[in-house]
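Here's the structure we're looking at; comments come further down.
Whatever order the structure lists ligands and atoms in, that order sets their numbers, starting from 1. Small disclaimer: the values here were computed from a predicted structure and weren't measured.
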Amino acid sequence: MAESACLSTMHEWESPDYEPSLPVSEKSNPLTRDIDRASANCIVRMLQACDAQMFQEETGATYQRLLSKQVVETLMEVAKKVEHILKDPQDSVVVLSGCGTSGRLAFLITSTFNRALRELNQSSIYSYIIAGGDRALLSSQEAPEDDPKQGMLSLKKVCEGKKQVLFIGISCGLSAPFVVGQLDLCLQHPEVYTPVLVGFNPTHQARDESIPGCTFTFRSVAQRMQELTKSQKAFLINPAVGPEAISGSSRMKGGSATKILLEVILSAAHAATFTNTPITYKGILQHMRAYKKTLDVTFAQKEGISALLEAAGKSLQCGRRVCYLGWGSLATLGLIDASECIPTFGADYEDVRGFINGGYRELNNYEGPLGPDFCIAHEDFLHLVLPFLNDQDIVLLIYTHSDDVSEVAKLARRVREKTSNLHAVYHRVDGDTAAAVQQEDINKLCLSSLKITWSSPASGILAHLQWELSTKLLLNTVSTGAHVLKGKIYQNYMIDVQVTNSKLYCRATRLLQKLSGCPESQCEEALLKTIYRVDKLTADITSSDIATHTRTARNRTKVVPLALVCLLTGCSLMEAETHLEQQPIVREAVEACLS
Ligand code: F6P
């Protein structure tokens with residue numbers, strides 16, 4: 001009985017009656033309705049169940065899923081296109097592009113596969129584009145996401161002089177104007193560009209709002225592409241993976257599924273080119289299943305993850321920090337997770353920070369060091385952060401046994417001088433006893449050590465990709481859960497959302513409607529009043545466009561909570577501010593107003 005109830009909650013979102021006006025990527029997940037009141041243990045279980053939805057089989061005609069026949073076949077077709085370029089790379093490029101997390105994953109994946117090519121003495125063929133440039137790898141730069149022209153120009157730039165371009169545009173919500181500008185460019189020049197769209201809504205749910213200066217919407221471009229899929233002049237990879245655990249937070253499942261799909265494509269293409277392994281349906285499916293296993297292996301460590309989440313939550317609750325000290329690409333995942341906390345939870349830059357061994361040399365981004373506001377090396381941590389830490393700050397070491405474990409031990413000793421709140425997560429292959437002595441030393445220094453053991457890898461690169469996904473799942477769980485414990489989430493909505501681009505502006509208005517029950521026009525009015533900090537809207541404000549509103553909102557805090565308090569109580573903006581000052585935990589402030 002309990003199991004069938006749970007099963008129906010797992011699938012509830014698929015019903016056509018469930019939040020019908022919203023695309024899957026914006027729906028709220030029935031599994032996490034009460035996440036705001038859950039214990040650390042329960043949060044981990046909920047997030048695990050949400051992640052497991054990624055691999056659920058297709059249940060009917062409503063949505064295609066990650067393992068659906070059509071998706072697997074499209075992955076094969078795109079892999080063959082990549083193989084073609086790998087075999088004749090002259091004047092060709094494969095470009096991966098996206099905004100926010102989607103762009104960060106484009107960076108991570110292109111880095112991994114270019115490195116694999118270098119190791120084979122082949123030239124690099126992959127390029128990444130992220131809206132807002134490299135700063136967006138480490139911080140939230142959301143306004144550029146709204147700029148289709150910028151997207152188009154940046155694509156033109158990386159493709160200068162190329163005769164053949166495979167363009168992979170990633171937009172989890174099928175919504176980013178930056179990406180759709182690039183797709184439109186591809187459609188205009190089919191002799192050079194073959195466009196691939198990766199996202200997690202069906203095309204009829206793609207965003208259909210008009211884009212200033214454009215004659216197309218995301219939906220119209222996606223539909224044009226759909227037509228072209230028949231002749232393989234364009235490709236759509238858009239399975240549904242279920243609503244995010246925190247509504248709209250596409251960094252989680254959207255990001256994980258992006259990583260899985262693109263790595264499956266590129267791995268298959270590399271194997272076909274360099275080890276004569278043909279691209280087969282079975283091979284693709286097998287690789288996807290290896291990722292499913294990654295979820296199981298990771299969440300088998302539920303207790304350890306809950307303990308980490310609870311410790312991180314405690315640090316954040318008392319205004320202290322969470323620091324990730326990572327090695328290699330796992331460190332990049334730490335940097336990414338930390339950077340996402342700012343826009344997702346309205347976190348302060350110092351709340352969650354990531355650091356990487358070797359700094360920018362190891363990150364190897366196009367623009368190199370990004371200046372004093374973005375210090376990311378372990379040395380930076382030692383000089384700028386460590387001196388101010390105490391036992392309330394949590395430090396997490398993230399590495400694998402193929403990293404220099406004696407370096408890890410050395411850093412652990414330094415950290416231990418300032419805080420006992422030191423933890424480790426590391427990956428090792430079953431039976432590998434190298435570094436056992438240093439590991440023992442590290443274990444003794446740490447309050448908790450989470451050992452994730454993998455059976456011997458099918459191939460070196462697959463093992464590494466699994467460790468990366470496992471680290472992503474774990475860090476997303478810890479940082480999301482810690483912010484839930486801090487009271488940043490109401491039900492499963494991020495109420496303190498930053499209103500820094502048009503998508504977030506619409507999401508904020510919708511959230512106000514949902515929570516206040518007031519009509520849309522009244523909610524938008526309340527939102528504008530809090531953005532401009534006025535009790536009465538002027539004609540100047542109401543005649544401005546959304547870009548002006550979101551630019552103004554960049555310098556504001558607690559915009560949505562303030563608007564909600566005003567809507568629910570009818571009080572002035574100043575009274576709402578006083579109310580929120582008295583009750584800084586947004587969830588509790590909202591609940592007080594609602595009751
Ligand atoms: O606008 C912010 C954001 O929602 C990020 O959190 C996200 O990573 C990015 O937009 C990209 O979204 P999408 O992949 O749906 O275009």
Shortest protein heavy-atom distance from atom 16 (O) of ligand 1, along with the residue and atom involved:
S171 OG, 2.7 Å
Where's the contact between L504 and ligand 1, heavy-atom distance under 4.0 Å: side chain, backbone, both or neither?
side chain
Does some side-chain heavy atom of I237 sit less than 4.5 Å from a side-chain heavy atom of V196?
yes
With a 3.5 Å distance limit and no angle check, can you tell me whether R207 reaches the backbone of S175 through a side-chain donor-acceptor pair?
yes
Salt-bridge criterion met for E14 and K27 (N-O under 4.0 Å):
no
Considering only protein heavy atoms, which is closest to atom 11 (C) of ligand 1, and at what distance to one decimal place?
C99 O, 3.2 Å
Can you sort out which atoms of ligand 1 are near S102, meaning under 4.0 Å from one of its heavy atoms?
14 (O)
protein heavy-atom neighbour closest to atom 8 (O) of ligand 1 works out as T101 N, 2.9 Å
Under 6.0 Å between ring centres: does that hold for Y128 and F107?
yes
Hey, is the main chain of T477 close enough, under 3.5 Å, to the side chain of T480 for a donor-acceptor pair?
no
List every atom of ligand 1 that sits less than 4.0 Å from any heavy atom of G173, numbering the atoms from 1 in the order shown and giving each element.
15 (O)
Using atom types as modelled and distance alone, determine if a side-chain donor or acceptor of S124 lies under 3.5 Å from a backbone N or O of Y126.
no
Quick one: look up the protein heavy atom nearest atom 7 (C) of ligand 1 and list residue, atom name and how far away it is.
S250 OG, 3.9 Å
With the threshold set at 4.0 Å, does a side-chain nitrogen-carboxylate oxygen contact exist between E244 and K253?
no
Taking heavy atoms and a distance under 4.0 Å, where does T344 meet ligand 1: side chain, backbone, both or neither?
neither
Salt-bridged, D184 to R224, with N to O below 4.0 Å?
yes
Heavy atom of R251, distance to ligand 1 below 4.0 Å:
no
Contacting atoms of ligand 1, where contact means under 4.0 angstrom from a heavy atom of A176
16 (O)
Enumerate the atoms of ligand 1 whose separation from the nearest heavy atom of G100 is less than 4.0 angstrom.
8 (O)
Could you tell me the residue and atom name of the protein heavy atom closest to atom 13 (P) of ligand 1, and the distance to it rounded to 0.1 Å?
C172 N, 3.4 Å
Minimum-distance protein heavy atom relative to atom 12 (O) of ligand 1
K503 NZ, 3.1 Å
Salt bridge or not between D337 and R251? Use side-chain N to carboxylate O under 4.0 Å.
yes
Taking heavy atoms and a distance under 4.0 Å, where does S175 meet ligand 1: side chain, backbone, both or neither?
side chain
Hey, looking at atom 2 (C) of ligand 1, which of E26, Q141, E142 has the closest heavy atom?
E142
Mind checking whether E145 contacts ligand 1 via backbone (N, CA, C, O), side chain (CB onward), both or neither, at a 4.0 Å heavy-atom cut-off?
side chain
